[in-house]
Protein chains: 2
Amino acid sequence: MKRFVILGTGMMGSAMAFPLADRGHELRLVGTELDREIIAGLERDGVHAKLGDRLPENLRFFQLENLAEALAGADGVVLGVSSAGVEWSARTLAPFLEAATEPLPLLMIAKGLRLEGGKVRVLPEALAHALPERARARVSPVAVAGPCIAGELSKRAPTCVVFTSASEPALEFWKAQVEAPYYHVWTSLDVVGVEVCAALKNAYAMGIALATGLNEARGGKPGSIGLHNLESAIFAQSIFEMARVVELAGGERESVFWLPGVGDLDVTTNGGRTGRFGKLLGLGIGRDAAIERMQGATLECLEILAVMRAIVAEFERRGALGRTELPLLRELCRIALDSAPVDLPLDRFFSRRPG
Amino acid sequence: MKRFVILGTGMMGSAMAFPLADRGHELRLVGTELDREIIAGLERDGVHAKLGDRLPENLRFFQLENLAEALAGADGVVLGVSSAGVEWSARTLAPFLEAATEPLPLLMIAKGLRLEGGKVRVLPEALAHALPERARARVSPVAVAGPCIAGELSKRAPTCVVFTSASEPALEFWKAQVEAPYYHVWTSLDVVGVEVCAALKNAYAMGIALATGLNEARGGKPGSIGLHNLESAIFAQSIFEMARVVELAGGERESVFWLPGVGDLDVTTNGGRTGRFGKLLGLGIGRDAAIERMQGATLECLEILAVMRAIVAEFERRGALGRTELPLLRELCRIALDSAPVDLPLDRFFSRRPG
């Protein structure tokens with residue numbers, strides 16, 4: 001039995017409390033500034049306001065100002081913040097890491113990419129990069145990828161995920177601590193490949209959901225006849241393009257072809273906010289109206305499309321990417337960032353010839 | 001403009017009439033013994049009883065006894081029969097092929113596999129093999145794969161498919177004749193890889209649909225929270241295993257990672273009879289009760305699982321396949337062929353180590 005801190009108590013960070021508590025660990029949940037009400041609710045009745053589930057018994061809850069107390073004697077930290085919070089968590093954890101006498105195991109659930117100085121950085125690298133040097137030596141961050149809807153994990157529904165890190169001992173540590181009868185963990189040393197998949201899936205899931213909106217816009221009903229042929233062609237092109245981006249970023253194509261790529265893309269198309277947003281865009285109401293209708297929901301797809309537009313430009317500048325490659329990704333950028341009408345370039349799909 | 005015969009007027013064979021007619025070809029639809037009522041209905045009012053759609057204008061309809069009349073002067077044949085009808089069509093077409101003075105282009109839509117004398121045969125090979133030698137020299141069959149629900153093609157919904165053949169001229173012929181603004185055709189010389197995907201997708205789509213039944217069996221409602229984590233893990237394992245089977249059969253793994261594999265598997269999980277059958281099995285009512293509830297619907301998944309069980313045994317006999325490989329496929333055989341209760345061996349998924 002160990003003592004773990006979960007820092008960042010959104011849906012996925014908090015859902016991680018289930019396998020960890022079921023494995024008998026002592027858990028301390030610390031909210032960020034964004035989680036004040038969630039923590040207050042948990043202190044009141046143990047129910048997580050966003051998940052709608054009662055968290056396991058015997059957890060302790062902390063507001064951010066009590067982080068030091070929560071971290072005392074911790075055997076590891078689960079970083080529950082989203083992509084936008086990664087550098088913040090580096091700054092927040094730095095003093096503790098510098099003061100620590102031993103390395104601190106760190107498990108990250110954020111998905112995203114950075115382009116820094118012409119270099120594509122996955123989030124475990126971005127976190128390490130944002131730490132002062134002495135603190136950096138204290139962490140080997142492990143990231144989680146693969147198909148996992150938080151609201152299912154919090155119901156202990158069977159879930160298969162991939163932990164990725166450059167450090168084999170770090171991978172084995174977390175797998176041994178978290179694996180539960182319903183939470184199955186595989187490991188991968190291909191951090192770049194796995195994390196690029198995890199980041200891209202939100203962009204492509206938005207693209208797949210366009211078909212639902214297009215179908216509705218032309219009077220079609222949901223059902224087994226719709227625009228599923230189109231939807232699955234977009235799905236296939238998404239996998240085709242993911243493999244190309246992984247390759248360009250220096251990862252292994254094979255990572256796309258199991259849980260991190262096809263598995264996570266598939267689950268992300270099953271409803272959720274990315275799917276609803278993609279459907280709205282497919283209806284043709286335009287980017288701004290679609291964002292308004294989402295009523296402030298976090299849209300990871302917009303964040304990843306914006307960074308991917310910059311990354312694509314960088315790959316092109318280097319001569320690594322042809323101008324006609326990644327036609328779907330480019331079109332998704334136009335639709336979601338520039339409010340262009342949906343016009344999928346199907347005839348340019350599945351082409352290996354850089355132009 | 002050319003003259004084509006569609007032999008076998010089930011849903012997919014008949015749906016092919018749309019792009020062909022829209023390209024201005026003269027079309028003659030010939031029913032098999034199974035299609036007598038479909039042809040009678042088409043002669044009456046032009047509506048296809050199973051598709052529920054009115055076929056394009058100016059088609060001619062024939063019962064099987066008038067096949068010779070239909071074939072007179074034909075520039076090619078679209079073979080609309082299912083897997084079970086492939087050898088029958090070889091026998092039926094043989095006299096015409098032997099009498100022909102020129103090769104007859106042939107486009108096949110059937111999906112399936114054969115194990116003959118220890119050799120895995122894809123259907124274009126099975127067809128050629130079933131022809132007398134002189135007739136065999138007259139055909140270079142081209143097969144169609146990729147995500148295409150017939151009821152969407154018959155509504156001219158955007159569709160992306162792959163034509164495959166060992167003959168490049170044969171591929172180019174059919175692509176040039178069939179491609180339409182809504183029917184996009186790619187070509188592949190990897191007949192084995194593409195056809196193994198096309199055959200396996202029904203088995204694995206049944207496996208993915210198990211999750212819907214399991215969810216309902218434990219009181220879950222359809223929606224964005226269900227057993228989607230499990231469903232997507234099964235999806236990912238399906239792709240992982242498909243790639244292994246393609247490799248063992250001598251095809252190219254890459255064929256799994258675009259339209260023929262991920263694309264077609266994805267579309268097949270969108271409802272349809274395979275999905276309904278898989279869901280019934282997931283509910284735990286047992287194989288026989290599930291078959292009864294399907295009321296005589298053709299279940300391609302049962303046919304392909306039966307042949308895959310024999311193929312797996314053959315690969316093992318040769319020492320090419322480990323006993324713990326393809327754990328999902330083996331479990332699907334137990335569930336659907338032996339009426340075993342659903343017990344997915346998740347911990348044996350995603351393992352590359354033959355045991």
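Throughout, a chain's letter reflects where its sequence line sits, starting with A, and its residues are numbered from 1.
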Leu227(B), Asn229(B), Ile225(B) screened by side chain to side chain contact (heavy atoms under 4.5 Å, CB included) with Lys155(A), the one that passes: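 Checked Leu227(B), Asn229(B), Ile225(B) against Lys155(A); only one passes side chain to side chain contact (heavy atoms under 4.5 Å, CB included): Ile225(B).
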(Q) Please determine whether the number of non-hydrogen atoms from other residues, nucleotides or ligands lying under 6.0 Å from atom NZ of Lys175(B) exceeds 12. (A)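 Counting neighbours around NZ of Lys175(B), more than 12 heavy atoms of other residues, nucleotides or ligands fall under 6.0 Å, so yes.
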When [options] are compared by non-hydrogen pairs under 4.5 Å with chain A, the top option:
| options | value |
| --- | --- |
| Ser232(B), Ala243(B), Ser238(B), Ala236(B) | Ser232(B) |
| Ala233(B), Pro158(B), Gly275(B), Gly272(B) | Pro158(B) |
| Thr269(B), Leu259(B), Val161(B) | Leu259(B) |

Hey, does Leu346(B) have a side-chain heavy atom less than 4.5 Å from the side chain of Cys160(A)?
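A side-chain contact under 4.5 Å exists here.
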- Query: So which pairs with a foot in residues 207-221 of chain B pass side-chain hydrogen bond (donor to acceptor under 3.5 Å, both in side chains), sequence neighbours left out?
  - Reply: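 Qualifying pairs, neighbours excluded: Glu216(B)-Lys279(B).
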Mind ranking [options] by heavy-atom pairs under 4.5 Å with chain B and telling me who comes out on top?
| options | result |
| --- | --- |
| Leu230(A), Ile149(A), Thr159(A) | Ile149(A) |
| Leu153(A), Asp266(A), Val256(A) | Asp266(A) |
| Ala211(A), Ala150(A), Gly226(A) | Gly226(A) |
| Gly223(A), Ser224(A), Gly261(A) | Ser224(A) |

Worksheet item: ring-ring contact (aromatic ring centres under 6.0 Å, His included) with Phe350(A): which residues, sequence neighbours excluded?
Response: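 Once residues adjacent in sequence are excluded, the partners of Phe350(A) under the ring-ring contact (aromatic ring centres under 6.0 Å, His included) criterion are Phe240(A), Trp186(B), Trp258(B).
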Side chain, backbone, both or neither of Tyr182(B) within contact of chain A (heavy atoms, under 4.5 Å):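 Contact with chain A is absent: no heavy atom of Tyr182(B) under 4.5 Å.
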When rounded to the nearest 0.5 angstrom, what distance separates CD1 in Ile239(A) from CD1 in Ile239(B)?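 If I round to the nearest 0.5 Å, the distance is 8.5 Å.
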Query raised in the report: If you measure from CZ on Phe349(A) to NE2 on His184(B), what distance do you get to the nearest 0.5 Å?
Result: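 If we round to the nearest 0.5 Å, Phe349(A):CZ and His184(B):NE2 are 9.5 Å apart.
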